[in-house]
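Atoms considered below: every heavy atom in the structure, side chains included; atoms not considered: hydrogens, waters and symmetry mates. Keep in mind that this is a model prediction, so the values were computed, not measured.
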Amino acid sequence: GTALPAYYWRLDGSAVSRRSILIVVHGGLHTQTFPTWEAYVKVMLDRGCEVLALNYRGSSGYGQGFEKMGGEAERVQNVLAARDYAVDVLGVPPGRVFLTGLSHRASLAAAAAAQGEEIGGLILVSWVGPIKGVQSRFTKPFRIIAFHGRLDAAAPENQERVALAQFVRPAGGLLPKPQWRVFNGEGHFFYRTESWAEVYWGTIRLMEGK
């Protein structure tokens, strides 16, 4: 019964042969997504992909009660609620819904993707490993691409490769092998424009099945 705030960037109504949507789970816990101009939103819209940026329970800006509300399991359900909204209200085909998150919220997006609902793919940026205490139920295939900084001291690349392999192992052969793109000279947060350009292009290619 809790209303979840989100910002929705939609297409202008022109014909799009393969409409899709990217659900964005913002980084950090007590932070929030703002309705400001972002490069990735423009890029996604130009490729026929709408954007839904979710402020899940625990986000700031909506009162102390909302910021203290729920644990990780409830936040996973919040992401799934955004996925259901995209399918049931916005009319996006389930296989054209994509989830993405940064750092610890990449783990939240991954946990939501592993709950058995149909999605098209998962985009992880600076993944830090699975959320403990949230059980995975892989029932439908989806693609995964992960972007990581080689200098990430908070989540070393080799460690996180192993963590992601262990995360998807219960799916058996249901999921394609996750793709990895590692940026030299980047840490946990990416600062180079060319790194983000590759994140956006890799996201687009995953959406297009390439």
Basic-acidic side-chain contact under 4.0 Å: Glu38, Lys42 |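 The answer is no: the pair does not qualify as a salt bridge.
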
If you measure from the Lys or Arg side-chain nitrogens to the Asp or Glu carboxylate oxygens, is any gap between Glu118 and Lys140 under 4.0 Å?
->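 No, Glu118 and Lys140 are not salt-bridged.
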
Check: [Y] and [X] side chains under 4.5 Å, non-hydrogen atoms:
| X | Y | value |
| --- | --- | --- |
| His26 | Tyr56 | yes |
| Ile119 | Phe98 | no |
| Leu52 | Trp9 | no |
| Met44 | Met207 | yes |
| Asn55 | Leu4 | no |
| Leu90 | Tyr85 | yes |
| Val43 | Ile204 | yes |
| Val76 | Leu108 | yes |

Reported [atom1]-to-[atom2] distance for the pair [X] and [Y], which is rounded to 0.5 angstrom:
| X | Y | atom1 | atom2 | value |
| --- | --- | --- | --- | --- |
| Ile144 | Ile123 | CD1 | CD1 | 10.0 Å |
| Leu54 | Arg83 | CG | CZ | 14.5 Å |
| Leu164 | Leu124 | CG | CG | 6.5 Å |
| Gln179 | Arg205 | CD | CZ | 8.5 Å |
| Asn158 | Arg161 | CG | CZ | 7.0 Å |
| His104 | Arg75 | NE2 | CZ | 12.5 Å |

Take atom CD of Glu194 as the centre, draw a 6.0 Å sphere, and report whether it contains more than 12 heavy atoms from other residues, nucleotides or ligands.
->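 Yes, the 6.0 Å shell around CD holds more than 12 heavy atoms from other groups.
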
Test item: side-chain donor near acceptor, Ser126 and His148, under 3.5 Å =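 Checked: Ser126/His148 side chains show no N/O donor-acceptor pair below 3.5 Å.
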
Taking atom types as modelled, is there a side-chain donor on Tyr8 or Glu50 under 3.5 Å from an acceptor on the other?
->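 Note: Tyr8 and Glu50 side chains meet the donor-acceptor criterion.
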
With sequence neighbours excluded, tell me which residues meet ring pair (Phe, Tyr, Trp, His ring centres under 6.0 Å) with Phe147.
->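 For Phe147 there are no ring pair (Phe, Tyr, Trp, His ring centres under 6.0 Å) partners, ignoring immediate neighbours.
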
So, does Glu160 use its side chain to make a donor-acceptor pair with the main chain of Gly129 at under 3.5 Å?
->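 Such a contact is found between Glu160 side chain and Gly129 backbone.
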
Compute the centroid of each ring, for Trp127 and then for Phe167, and state whether the two points are separated by less than 6.0 Å.
->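 Yes - the distance between ring centres of Trp127 and Phe167 falls below the 6.0 Å cut-off.
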
The single option from Arg96, Arg143, Arg47 passing salt bridge (Lys or Arg N to Asp or Glu O under 4.0 Å) against Glu208 |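 The option that passes is Arg47.
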
